[in-house]
J.: 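Would you mind keeping the following structure in view while I ask a few things?
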Amino acid sequence: MRSFDQIKDEDEILDCFTVLKEEAEDAISARVKKYGRNFMMYMGEHYLRDAGDEFEVDDRNPSWRFRVKRDLVGTMVDSLRPILMRGYPKYFIDADFSSYPATLPTEEGEVPVPDMTDGDLAQYLQEIIEATHLKRGEGIEVAKLLVDVLVGGTAYRKVVFDKKHNRVLLPVLNFGDVLPDPYGVNTDFSDHKYVIIRNEMDAADIERIYSIKESDFGSSEEQVEGKGLIRKVKRYFKGSNNKMETDDKYRRRRYPVYELFYNEATPNPVMEGEKEPKSLKFPRGRQLVIINDKKVVVDRHNPYWHGQFPVVAYVANPIPHQLFGRTEVDTLVPIQEATNILMNMIITNAMLAGNNQWMYEEGALQAEEVTNQPGLMIPVSPGGLDRVRRVDPAPLSGDTMALLKEMEEHGRSDIAGVQDVLMGREPTSRASGVLANTLQAAALTRQGFKVQSLDESYRRQANMEISLIQQFADYQDPQMMK
């Protein structure tokens with residue numbers, strides 16, 4: 001088998017890339033499908049149907065069927081997010097030799113900085129980081145990130161440097177747009193051969209950034225994709241000229257743009273040969289940008305000093321032997337569905353109790369004479385009062401309400417670990433303050449493992465962010481200091 005590190009021909013690169021992309025997509029397809037279902041549940045769409053590759057909103061129920069929702073998933077996520085926000089990342093930077101005189105690299109070599117040490121430079125860098133986080137709104141970004149962590153089990157951020165604005169960017173990536181090596185399991189990607197990041201860009205932006213024409217990477221299939229086709233068909237039948245190509249000239253055409261970060265030198269910690277491994281053409285890794293599976297526009301060494309894939313994975317509940325973390329929403333979904341069914345039954349029974357059915361002997365009266373109007377008077381023949389009567393509704397069983405509360409308590413407390421005290425509720429009507437503090441401490445201890453796991457990802461994020469600032473940042477920009 002030929003190493004991808006040695007492939008130069010564009011057609012071979014595209015063929016190899018297609019194999020890597022397809023094996024990664026196949027590996028994560030089941031997890032992406034579950035993530036889509038969990039996210040729709042979190043957004044309040046509880047009535048779904050399996051449409052094959054994804055879940056869709058079930059709109060085929062008859063109009064008379066109730067769709068009552070007693071939300072468990074949203075309550076769990078919104079209760080845990082503020083708790084996990086306590087692990088908001090704050091960087092503390094120290095110099096290895098803080099008392100050494102500070103120097104700055106120039107074209108003429110290392111130049112000493114008067115009256116300043118390496119410790120002072122580290123403190124200035126920490127202040128720059130704090131100002132950058134404030135300007136970027138890091139707290140809000142982490143809050144968004146935690147939704148993916150709690151709903152899907154895993155979240156991703158890309159760590160890149162924006163040279164135009166002289167700052168580090170950490171966009172939160174869509175879960176399905178990151179295609180990791182299916183044979184890697186470490187959340188720091190240390191055992192991954194590659195990671196693919198999928199983006200969508202306008203054709204005009206691709207032409208401007210990569211200096212290529214749309215004819216080199218476009219496809220005729222793209223012209224009929226998207227909701228614009230439906231709008232054209234409607235206009236075709238409503239308009240007078242019946243021309244469907246009216247909007248083609250100005251419609252935004254978007255294409256997938258893939259970033260492939262590949263490292264042939266990914267180590268295997270349990271295997272070692274008798275000889276030194278062969279040298280590689282890209283010892284620190286390789287970066288490629290491929291547009292629409294048709295054109296390679298970037299092919300270079302990994303441009304970052306840290307030599308890592310510029311993607312950080314955040315996992316709250318890591319499990320062995322796989323990259324993706326565990327999420328309580330997977331277990332809550334069937335309980336959520338059962339709770340909704342019980343609530344529909346209870347509401348239906350309550351409506352029947354307020355609108356009882358009538359029973360009468362055949363011929364005693366006309367059916368249209370019986371209505372639900374207040375003070376209704378029903379005429380009957382003499383001695384026929386027993387021939388018309390109202391049917392008493394079936395009483396609602398107390399076991400039904402007890403079962404509903406039991407499922408809610410099991411899902412919220414046992415599975416998600418969200419106790420009443422974490423939601424601002426009093427545990428019991430006679431609970432003491434000492435008991436409430438004890439229960440709250442125990443509940444926070446259970447969530448402490450999530451904070452500790454996320455802290456490992458925050459630490460990797462910090463190392464990569466600081467490395468990019470040291471490599472690319474221009475400290476003469478006043479925006480970095482405010």
Side-chain angles (χ1 to χ4, degrees), residues 27-43 71-89 141-157 172-176 178-192 195 311-336 407-419 421-423 439-462:
I28 70 169
S29 58
R31 185 66 250 178
V32 171
K33 182 178 179 180
K34 283 188 176 182
Y35 171 82
R37 178 202 62 185
N38 294 351
F39 189 79
M40 294 178 75
M41 281 278 187
Y42 170 66
M43 296 299 293
D71 195 12
L72 298 178
V73 175
T75 303
M76 183 274 291
V77 174
D78 293 338
S79 297
L80 289 182
R81 267 211 295 177
I83 297 174
L84 298 184
M85 278 293 292
R86 296 185 178 188
Y88 173 84
E141 294 301 311
V142 172
K144 296 176 184 178
L145 181 81
L146 291 175
V147 173
D148 278 351
V149 172
L150 294 171
V151 171
T154 305
Y156 300 104
R157 293 181 84 176
V172 179
L173 304 177
N174 292 329
F175 181 80
V178 178
L179 308 177
D181 182 356
Y183 300 104
V185 297
N186 293 341
T187 54
D188 61 356
F189 302 103
S190 59
D191 60 345
H192 285 61
V195 172
V311 182
V312 181
Y314 304 82
V315 179
N317 294 306
I319 55 179
H321 316 306
Q322 73 173 47
L323 171 66
F324 305 121
R326 175 181 172 274
T327 171
E328 292 87 351
V329 178
D330 287 340
T331 311
L332 278 179
V333 165
I335 298 179
Q336 177 72 79
M407 287 195 301
E408 288 183 341
E409 181 68 19
H410 173 65
R412 185 179 65 247
S413 178
D414 299 340
I415 296 177
V418 179
Q419 308 291 342
V421 290
L422 292 183
M423 301 175 65
L439 292 175
Q440 187 173 21
L444 291 176
T445 300
R446 179 171 177 177
Q447 305 305 329
F449 175 72
K450 293 185 176 68
V451 176
Q452 182 180 0
S453 177
L454 290 171
D455 189 60
E456 294 297 324
S457 298
Y458 292 145
R459 186 176 293 107
R460 182 167 180 262
Q461 168 189 318

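For clarity, every value in this text was computed on a predicted model and none was experimentally measured.
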J.: Whether the side chain of Ser453 engages the backbone of Val315 through a donor-acceptor N/O pair (distance < 3.5 Å, no angle test) should be reported.
T.: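 Such a contact is found between Ser453 side chain and Val315 backbone.
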J.: In chain order, what residues pass the side-chain contact (heavy atoms from CB on, under 4.5 Å) check against Asn174, with sequence neighbours excluded?
T.: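 Scan of Asn174 (side-chain contact (heavy atoms from CB on, under 4.5 Å), adjacent residues dropped) gives Asp177.
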J.: So that I can tick it off, tell me whether Asp330 and Arg37 are bridged by a salt bridge, with the cut-off set at under 4.0 angstrom between side-chain N and carboxylate O.
T.: yes
J.: Regarding Asn186 and Ser190, is there a side-chain donor-to-acceptor distance under 3.5 Å anywhere?
T.: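 Looking only at side-chain atoms, Ser190 and Asn186 do form a donor-acceptor pair, the distance falling under 3.5 Å.
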J.: From Tyr42 OH over to Thr75 OG1, what is the distance, rounded to the nearest 0.5 angstrom?
T.: 10.0 Å
J.: Donor-acceptor check, side chain of Arg460 to backbone of Val311, threshold 3.5 angstrom: yes or no?
T.: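 Side chain of Arg460 to backbone of Val311, a donor-acceptor pair under 3.5 Å: yes, one is there.
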J.: Checking the side chain of Gln322 only, and the main-chain atoms of Val185 only, is there a donor and an acceptor separated by less than 3.5 Å?
T.: no
J.: What is the distance from atom CG of Leu332 to atom CG of Asn38, rounded to the nearest 0.5 Å?
T.: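 Taking CG in Leu332 and CG in Asn38, the distance rounds to 9.0 Å.
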J.: Tell me, do Pro182 and Leu323 make a side-chain contact under 4.5 Å, heavy atoms counted?
T.: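 SC-SC contact between Pro182 and Leu323 ruled out.
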J.: Verify the ring-centre separation between Tyr35 and Phe324: is it less than 6.0 angstrom?
T.: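 No, ring centres 6.0 Å or more apart.
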J.: For His192, does its backbone N or O pair with a side-chain atom of Asp181 as donor and acceptor, under 3.5 Å?
T.: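 Here the side-chain-to-backbone pair does not exist.
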J.: Step by step, would you call Met43 with Met40 a side-chain contact (heavy atoms from CB on, under 4.5 Å)?
T.: CA-CA 5 Å; Met43 296 299 293; Met40 294 178 75; 5.7 Å; no
J.: Measure the CD-CG distance between Gln461 and Asp455 for me, rounded to the nearest 0.5 Å.
T.: 11.0 Å
J.: Using the side chain to side chain donor-acceptor pair (under 3.5 Å) rule, take Asp148 and Tyr156 through it: C-alpha gap first, then chi angles, then the decisive distance, then the call.
T.: CA-CA 8 Å; Asp148 278 351; Tyr156 300 104; over 6 Å; no
J.: So, taking the atom named CE in Met76 and the one named CE in Met41, what distance separates them when rounded to the nearest 0.5 Å?
T.: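 One gets 12.0 Å once the value is rounded to the nearest 0.5 Å.
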J.: Excluding sequence neighbours, so at least two apart, what forms side-chain contact (heavy atoms from CB on, under 4.5 Å) with Ser457?
T.: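 Checked Ser457 against side-chain contact (heavy atoms from CB on, under 4.5 Å); matches are Val312, Tyr314.
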